[in-house]
Amino acid sequence: MSIFRSKVVLGLSAVGTLAGCAALLKDCMQGARFERKDVRADGKVVIVTGSNTGIGKETVMGLANRGAHVYMACRDMAKCEEARQDIVLETKNPNVYCRECDLSSLQSVRKFVQQFKTEQNRLDVLINNAGVMRCPRSLTAEGIELQLGVNHMGHFLLTNLLLDLLKLSAPSRIVVLSSIAHTRGKINAEDLNSTKKYDSAEAYEQSKLANVLFTRELAKRLEGTGVTVNAVHPGIVDTELMRHMGLFNSWFSSLLIKPFVWPFLKSPISGAQTSLYAALDPSLEKVSGQYFSDCAPKDVAEQAKDDKLAKWLWAVSEKWTGTLTGTAAVS
């Protein structure tokens, strides 16, 4: 019996050691943090899209802790209000607001901006955080493939409709959440809407490349205005964004695969750090058109440096979102 007990103790000790090693490894994988506790955002007006959960919620938490007035632009108002109450309770900052904004509906985006402008006459920071990832093929209200529609087109319209306030509030900033997935991305000019062929991974990568191309082109258009725009890669973060990936949500993976992947995933609060850095760090006041990861500049993929492609995508985005005419036209 004593031998059996010894083996049990050794087994439990080994399990405990493995768990400890996994926890230590996870801590090491969390990346850089925005440590500037002295940087405040008192009175600054900020919009964060998709902020009722994950990276977005933690971004709002960080901003509210620094005194910002934050508008949570979300699709689900019940979840948004629940998150808002958590944030207000934690930060003691009452200036956190829920406003409906469904990026899969251009009409909803326009309605959000219209309401926002009746409440505020300034905007210091816009954080385009919301996104969908590797979902089954579906379309936005205007018939745009959902990943391209939410991750790029909805934010394209939102940003352009808010540029007047951002310019009036200069120096001001725009932060665009992209991903390292942009390095695998390709803009399919012959089938941008994935009508002929749909691959969820390729569509996601295309949308993330679109984010970087949009950032770089917008930076050029904003030169001299005092408004900067930068893209960020938050890291591989354990959030609801992964809900459509079989690797992370199947019964088999939950038992055999996810435990091995878990130590390499960032927590949402760690994923929010580069967004906070790009939104608030004083050293970036005049930095624009760049791409950051772990609170440091990183080079982008070669296809993201294609200025001709960026201009083409901008023109198509204007047409599809009706930015100039107010009437969307997808073709």
Side-chain angles (χ1 to χ4, degrees), residues 47 49 103 106 109 113 123 125-131 144-145 147-167 170-193 203-233 274-275 278-279 284-293 297-326 328-331:
I47 293 172
T49 65
L103 288 155
L106 300 181
V109 173
V113 173
L123 177 59
V125 183
L126 169 63
I127 302 181
N128 292 335
N129 168 84
I144 303 171
E145 185 276 313
Q147 296 188 86
L148 183 67
V150 170
N151 298 351
H152 170 64
M153 295 292 180
H155 282 124
F156 178 91
L157 177 62
L158 177 67
T159 303
N160 275 280
L161 293 178
L162 291 169
L163 283 180
D164 54 348
L165 286 187
L166 286 160
K167 291 175 181 177
S172 55
R173 305 185 188 189
I174 303 165
V175 180
V176 179
L177 263 74
S178 181
S179 167
I180 196 172
H182 89 273
T183 60
R184 301 186 298 274
K186 177 184 177 183
I187 300 296
N188 188 346
E190 301 301 318
D191 187 25
L192 185 63
N193 209 33
Y204 177 70
E205 291 156 5
Q206 174 178 250
S207 73
K208 294 291 101 179
L209 175 57
N211 290 154
V212 181
L213 290 167
F214 167 61
T215 298
R216 290 168 60 84
E217 177 63 19
L218 181 58
K220 294 176 181 177
R221 293 169 181 256
L222 290 175
E223 287 180 2
T225 65
V227 184
T228 62
V229 53
N230 292 293
V232 301
H233 167 51
T274 305
S275 293
L284 301 182
E285 184 173 314
K286 296 182 179 180
V287 175
S288 193
Q290 300 301 306
Y291 174 78
F292 295 94
S293 177
K298 295 289 189 296
D299 199 15
V300 296
E302 285 303 311
Q303 60 268 35
K305 300 175 184 178
D306 189 332
D307 293 339
K308 183 178 179 181
L309 180 61
K311 287 180 171 57
W312 177 86
L313 179 63
W314 186 282
V316 172
S317 301
E318 283 183 330
K319 179 182 178 183
W320 285 20
T321 62
T323 306
L324 299 179
T325 63
V330 181
S331 62

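Just the heavy atoms: all of them, side chains too, but no hydrogens, waters or symmetry mates, feed the values below. Counting begins at 1 with the first residue of the sequence.
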Using the side chain to side chain contact (heavy atoms under 4.5 Å, CB included) rule, take Asn211 and His182 through it: C-alpha gap first, then chi angles, then the decisive distance, then the call. CA-CA 8 Å; Asn211 290 154; His182 89 273; over 6 Å; no

Heavy-atom closest contact (Gly154 atom, Leu106 atom, distance):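 So the minimum-distance heavy-atom pair works out to CA-CD2, 4.3 Å.
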
Taking all atoms of both residues into account, what is the closest heavy-atom pair of Leu123 and Ser172, and its distance?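 Shortest heavy-atom separation between Leu123 and Ser172 comes out as O-CB, 3.8 Å.
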
With distance as the sole test, does [X] use its side chain to make a donor-acceptor pair with the main-chain N or O of [Y] at under 3.5 Å?
X      : Y      : answer
Gln206 : Leu192 : yes
Asn151 : Ser207 : no
Ser178 : Val232 : no
Asn193 : Ile144 : no
Lys298 : Tyr291 : no

Working to the nearest 0.5 Å, report the span between [atom1] of [X] and [atom2] of [Y].
X      : Y      : atom1 : atom2 : result
Leu165 : Lys167 : CG    : NZ    : 11.5 Å
Asp307 : Glu217 : CG    : CD    : 7.5 Å
Thr321 : Met153 : OG1   : CE    : 7.0 Å

Answer whether the closest heavy-atom distance between the side chains of [X] and [Y] falls below 4.5 Å.
X      : Y      : result
Lys208 : Ile180 : no
Arg184 : Leu209 : no
Leu158 : Asn160 : no
Arg221 : Glu223 : no
Thr228 : Glu285 : no
Leu177 : Ile127 : yes
Arg173 : Val227 : no

Run Lys186 and Glu205 through salt bridge (Lys or Arg N to Asp or Glu O under 4.0 Å) and show every step you take. CA-CA 7 Å; Lys186 177 184 177 183; Glu205 291 156 5; over 6 Å; no

Is it true that the side chains of Thr159 and Asn128 contain a donor and an acceptor less than 3.5 Å apart?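 Present: a donor and an acceptor within the cut-off.
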
Any donor-acceptor pair under 3.5 Å linking the side-chain atoms of Thr274 with those of His233?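 Per modelled atom types, His233 and Thr274 side chains form no pair under 3.5 Å.
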
In chain order, what residues pass the ring-ring contact (aromatic ring centres under 6.0 Å, His included) check against Phe292, with sequence neighbours excluded?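 By the ring-ring contact (aromatic ring centres under 6.0 Å, His included) rule, Phe292 matches Tyr277.
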
Are Phe156 and Trp320 near enough that their ring centres are under 6.0 Å apart?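 Aromatic pair excluded; centres sit 6.0 Å or further apart.
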
Compute the centroid of each ring, for Phe214 and then for His155, and state whether the two points are separated by less than 6.0 Å.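 Aromatic pair excluded; centres sit 6.0 Å or further apart.
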
Asp306 and Arg216 ion-paired at < 4.0 Å: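 Between Arg216 and Asp306 there is no salt bridge, as every charged N stays at least 4.0 Å from the carboxylate O atoms.
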
Test applied, side-chain contact (heavy atoms from CB on, under 4.5 Å); reference residue, Val229; option that passes from Val175, Val287, Val176: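 Running side-chain contact (heavy atoms from CB on, under 4.5 Å) over Val175, Val287, Val176 with Val229 returns exactly one hit, Val176.
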
Qualifying residue for side-chain contact (heavy atoms from CB on, under 4.5 Å) with Ile174, from Leu162, Ile47, Leu218: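 With Ile174 as partner, side-chain contact (heavy atoms from CB on, under 4.5 Å) holds for just one option, Leu218.
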
In terms of heavy-atom contacts, does NZ of Lys220 have more than 12 from other residues, nucleotides or ligands at under 6.0 Å?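 Yes - once you tally the heavy atoms of other residues, nucleotides and ligands closer than 6.0 Å, there are more than 12.
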
Side chain to side chain contact (heavy atoms under 4.5 Å, CB included) assessment of Ile187 paired with Gln303: CA-CA 9 Å; Ile187 300 296; Gln303 60 268 35; over 6 Å; no

